[in-house]
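Some notes on the structure that comes next.
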Amino acid sequence: MKILLIMPDAHMHKLRVGPFTRSMREAPLTLTTLAAMVPEDVEVKLVDGSVDRIPLDEDADLVGISAITGCAPAAYELARHYRGRGIPVVLGGVHVTILPGEALPHADAIVIGRGEHAWPRLIEDFRAGRMRRVYREEDLPDHVLTGVPVPRRDLQRRSGYMLPNTVQATRGCKRICDFCSVNAVWPRYLKRPVADVVRDIRAIKGNRFGFNDVSLVDDVEYARELFTAITPLRKKWGGLVTADSLHNTELLDLMARSGCVYLLVGFESGNQETLRGIHKGFNKTLDYRELITGLQRRGISVQGCFVFGFDHDEKDVFAKTVQLVQDLRVDIPRFSLYTPYPGTTLFKRMMDAGRILSYNWNDYDTMHVVIRPERMTPEELYDGFKWAYRETFRLHRALRRISRPDIRSGINFVGNLAYRIFVRRLYGEPRFATPYSLANPGTPPPPEHWSVPAEMEHAPWSPA
Ligand code: B12
Ligand code: SF4
């Protein structure tokens, strides 16, 4: 038996030089984790469309496709293709978990939620000729996520990623920012046993890795235990944390000692009222400078994320933010557009207010304007967003940010270079020419797309 596991091309973060394609991001764990659950006697091939060509003519007995919202239309298109060739297709991932009723007609079977347990069960059922249409993650009583295998990194094209080694210790987040999908997908904060995480890090060849947890230090006790356990491994690592967690200087020291050299922090806005409005009032704008210097003093590079298009944003927000990231000397700034992912409170609020401009999931990459902004036109928001990117990564600004004696790594240089290339794409590629897909803005997901019809819940799959 042969299984082909695919992630569609996410387009962003891609660097093409001649025939070479590279993702300027970390390697996802999605396919490598799923591959590790496949029985040993089954051949498995992994294809990440962001770094590999998708082999449309490949032979396989079963195809599994992972979908995040921005890639859902591409996932459905790929599913149509392989099903057209007579190969059964399983869909899973973040978007399938949020809108299972939308995904189901595109697939022979879907997996809702985490794949550990459900995916091996599905494979077993498929081989025994009793696959069902719908599989769900099982309940975990203690918020402890056991049974995650060591990812099959050997099956992924390592040279395709800026950071080929990734590890995940937790899933979910205890906060509920209004725009964030995380709570719709992982309603509970789950922690893996520290010993399992250490096992995965030990399995890494090389001395650098990234944690792809969305909120690594939400549970401070757990974080302490984890960082203490990985310190002897003497590896350098990066990850994502919330700004408020950076007040804990004891934890910061521990992180730095354990090898942390890079953190992505969602500052989102320089306006406290905006932060309150998006349920992220735990970010205190007055503290930003101190938090950033606290990290830099410890040799940790800061990728600071800011979002445009909030209801309080006036037309001067772009210039103000460009100035702010310079003043704060954010090592690697990153900008996104306020995007109402389905399942979030923002989605509901925008839908009720009739402010959603596009339901075409292709536009949900935080690089398109999909909601009507409150205090400017969609075009003004889009132009301002692109302008802010261009200005921030002008050579003199980037150089000023990165020419500092206290950060020793090449991370800032490479990060700023990557975004300078991204700015060229923002201004050059047809996909970024208009605020959203004007010709195909889609329609709202009907109620039946949010859940699985009762009669399908235990329905058996039958080959077409
Ligand atoms: C690596 C990563 C990426 C990679 C690849 C994403 C991908 N999967 O296609 C890249 C760099 C392309 C990327 C880009 C973006 N990303 Co991203 N990314 C991640 C990140 C940090 C890690 C993914 C991962 O490895 N998870 C670990 C694996 C094990 O979990 P998993 O993918 O959920 O898979 C499990 C289950 O879902 C299930 N499963 C998944 N797929 C399948 C398929 C089958 C067949 C089966 C059976 C099961 C199954 O089984 C797995 C094991 O349990 C996640 C956050 C996170 N920690 O998950 C965000 C995340 C997926 N990204 C997100 C976002 C918002 C973005 C960007 C918009 C960010 C940006 N501005 O750059 C862009 C979007 C690009 C686009 N065109 O749409 C959101 C998704 C929101 C949504 N509703 O889609 C997440 C959840 C982060 C967040 N804070 O909300 N991202
Ligand atoms: S944006 Fe960050 S802090 Fe807010 S809910 Fe999402 S993961 Fe948690």
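Atoms within each ligand, like the ligands themselves, are counted from 1 in listed order. Because only heavy atoms are used, hydrogens play no part in the values below, and waters and symmetry mates are left out as well, while side chains stay in.
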> For Arg192, does its backbone N or O pair with a side-chain atom of Arg171 as donor and acceptor, under 3.5 Å?
Replying inline: no

> For ligand 1, which atoms have a heavy atom of Thr69 less than 4.0 angstrom away?
Replying inline: 82 (C), 83 (N), 84 (O)

> Would atom 82 (C) of ligand 1 count as contacted, meaning some protein heavy atom under 4.0 Å?
Replying inline: yes

> Got a protein heavy atom sitting under 4.0 Å from atom 59 (C) of ligand 1?
Replying inline: no

> Which bit of His13 is near ligand 1, meaning a heavy atom under 4.0 Å away: side chain, backbone, both or neither?
Replying inline: side chain

>> Considering non-hydrogen atoms of the protein only, which is the closest contact for atom 57 (N) of ligand 1, and what is the distance?
In response: Asn212 O, 2.7 Å

> Is the Trp450 to Phe347 ring centre distance short of 6.0 Å?
Replying inline: yes

> Among protein heavy atoms, which lies nearest atom 68 (C) of ligand 1, and at what distance?
Replying inline: Tyr341 OH, 3.3 Å

>> Under 4.0 Å between a side-chain nitrogen and a carboxylate oxygen: does that hold for Glu77 and Arg80?
In response: yes

> Quick one: nearest non-hydrogen protein atom to atom 40 (C) of ligand 1, plus distance?
Replying inline: Gly93 CA, 3.2 Å

> Should you measure from each heavy atom of Glu116, which atoms of ligand 1 turn up under 4.0 Å away?
Replying inline: 52 (C), 53 (O)

> Considering only the protein, which heavy-atom contact is closest to atom 48 (C) of ligand 1, and what is its distance?
Replying inline: Leu34 CD2, 3.7 Å

> Checking Arg334 against Tyr419: charged group under 6.0 Å from the ring centre and within 45 degrees of the axis?
Replying inline: no

> Can Trp119 and Glu137 be counted as having a side-chain donor-acceptor contact under 3.5 angstrom?
Replying inline: no

> Taking 4.0 angstrom as the limit, do Asp61 and Lys2 come out as a salt bridge?
Replying inline: no

>> Residue-level breakdown please: for Val111 versus ligand 1, do any non-hydrogen atoms fall below 4.0 Å on the side chain, on the backbone, on both, or on neither?
In response: side chain

> So does Lys191 pair up with Asp218, basic N to acidic O under 4.0 Å?
Replying inline: no

> Using the ring of each side chain (for Trp, its six-membered ring), is Phe308 parallel, tilted or perpendicular to Phe385, with breaks at 30° and 60°?
Replying inline: perpendicular

> Which residue supplies the protein heavy atom nearest to atom 25 (O) of ligand 1, what is that atom called, and how far is it?
Replying inline: Leu29 N, 2.6 Å

>> Below 4.0 Å, non-hydrogen atoms only: which portion of Gln168 touches ligand 1? Side chain, backbone, both or neither.
In response: side chain

> With a 4.0 Å heavy-atom cut-off (strictly under), which part of Arg334 contacts ligand 1: side chain, backbone, both or neither?
Replying inline: side chain

> Looking at Thr242, which atoms of ligand 2 are within less than 4.0 Å of one of its heavy atoms?
Replying inline: 3 (S)

>> Show me which atoms of ligand 1 lie under 4.0 Å from any heavy atom of Val94.
In response: 82 (C), 83 (N), 84 (O)

> Relative to the heavy atoms of Cys173, which atoms of ligand 2 are at a distance of less than 4.0 Å?
Replying inline: 3 (S), 5 (S), 7 (S), 8 (Fe)

>> Any N/O/S atom, side chain or main chain, of Cys177 closer to atom 4 (Fe) of ligand 2 than 2.8 Å?
In response: yes

>> With the threshold set strictly below 4.0 angstrom, can you tell me whether any protein non-hydrogen atom sits that near atom 50 (O) of ligand 1?
In response: yes

>> Looking only at protein heavy atoms, which one is nearest to atom 41 (N) of ligand 1, and what is the separation?
In response: Ser66 OG, 2.7 Å

> Could Arg133 and Glu457 be called an ion pair, given the rule that one side-chain N must be under 4.0 Å from one carboxylate O?
Replying inline: no

>> Check contact between Arg171 and ligand 1, using heavy atoms of the residue and a distance below 4.0 angstrom.
In response: yes

> Only one of Asp313, Thr366, Thr274, Asp178 clears side chain to side chain donor-acceptor pair (under 3.5 Å) with Tyr338; which?
Replying inline: Asp178

> Which ligand 1 atoms, with their elements, are less than 4.0 angstrom from a heavy-atom of Ser181?
Replying inline: 81 (C), 82 (C), 83 (N)

> Of the choices Met12, Met24, His368, Arg25, which has the non-hydrogen atom that lies closest to atom 3 (C) of ligand 1?
Replying inline: Arg25

> Is it true that Glu429 and Arg424 have a side-chain N and a carboxylate O under 4.0 angstrom from each other?
Replying inline: no

> Between Tyr382 and Trp387, does the ring centre distance come in under 6.0 Å?
Replying inline: no

>> Tell me whether His11 reaches ligand 1 (any heavy atom closer than 4.0 angstrom to a ligand atom).
In response: no

> Centre of Phe432's six-membered ring, under 6.0 Å away, within 45 degrees of the axis: is that where NZ or CZ of Arg425 sits?
Replying inline: no

>> At under 4.0 Å between heavy atoms, is it the side chain or the backbone of Trp186 that contacts ligand 1, or both, or neither?
In response: side chain

> Taking atom types as modelled and ignoring hydrogens, do the side chains of Tyr161 and Asp48 form a donor-acceptor contact shorter than 3.5 angstrom?
Replying inline: yes

> Any N or O on Thr366 sitting closer than 3.5 Å to an N or O of ligand 1?
Replying inline: yes

> Checking Tyr288 side chain against Gly270 main chain: does a donor-acceptor pair fall under 3.5 Å?
Replying inline: no

> Have His13 and Ser23 got a donor and an acceptor in their side chains that come within less than 3.5 Å?
Replying inline: no

> Under a 4.0 Å N-O cut-off, is there an ion pair linking Asp311 with Arg349?
Replying inline: yes

>> Taking 4.0 angstrom as the limit and counting only heavy atoms of Gly64, give me the atoms of ligand 1 inside it, by number and element.
In response: 45 (C)

> For ligand 1, which atoms have a heavy atom of Trp119 less than 4.0 angstrom away?
Replying inline: 47 (C)

> Out of Lys14, Arg53, Arg431, which residue meets the salt bridge (Lys or Arg N to Asp or Glu O under 4.0 Å) rule with Asp9?
Replying inline: Lys14

> Nearest to atom 12 (C) of ligand 1, what protein heavy atom do you find, and at what distance?
Replying inline: Ala10 CB, 3.5 Å

> Is the shortest distance from atom 22 (C) of ligand 1 to a protein heavy atom below 4.0 Å?
Replying inline: yes

>> Less than 4.0 Å from atom 7 (C) of ligand 1, is there any heavy atom belonging to the protein?
In response: yes

>> Check this for me - ligand 1, Asp213, N or O atoms closer than 3.5 angstrom, yes or no?
In response: no

> Judged by atom type as modelled, is there a donor-acceptor pair below 3.5 Å linking the side chain of Thr97 to the main-chain atoms of Gly113?
Replying inline: yes

> Which atoms of ligand 1 have any heavy atom of Gly70 under 4.0 Å away?
Replying inline: 78 (O)

>> When you measure from atom 64 (C) of ligand 1 to the protein, is at least one non-hydrogen atom found at a distance under 4.0 Å?
In response: no

> Under 30°, 30 to 60°, or over 60°: which ring-plane class applies to Tyr389 and Phe335, parallel, tilted or perpendicular?
Replying inline: perpendicular

>> Under a 4.0 Å threshold between the charged nitrogen and the carboxylate oxygen, would Glu221 count as salt-bridged to Arg224?
In response: yes

> Is Gly113 in contact with ligand 1, taking contact as a heavy-atom separation below 4.0 Å?
Replying inline: yes

>> Distance under 4.0 Å to a non-hydrogen atom of Ile65: what atoms of ligand 1 satisfy this?
In response: 43 (C), 45 (C)

> atom 1 (S) of ligand 2: which protein heavy atom is closest, and how many Å away?
Replying inline: Lys280 NZ, 3.6 Å

> Which residue supplies the protein heavy atom nearest to atom 6 (Fe) of ligand 2, what is that atom called, and how far is it?
Replying inline: Cys180 SG, 2.4 Å

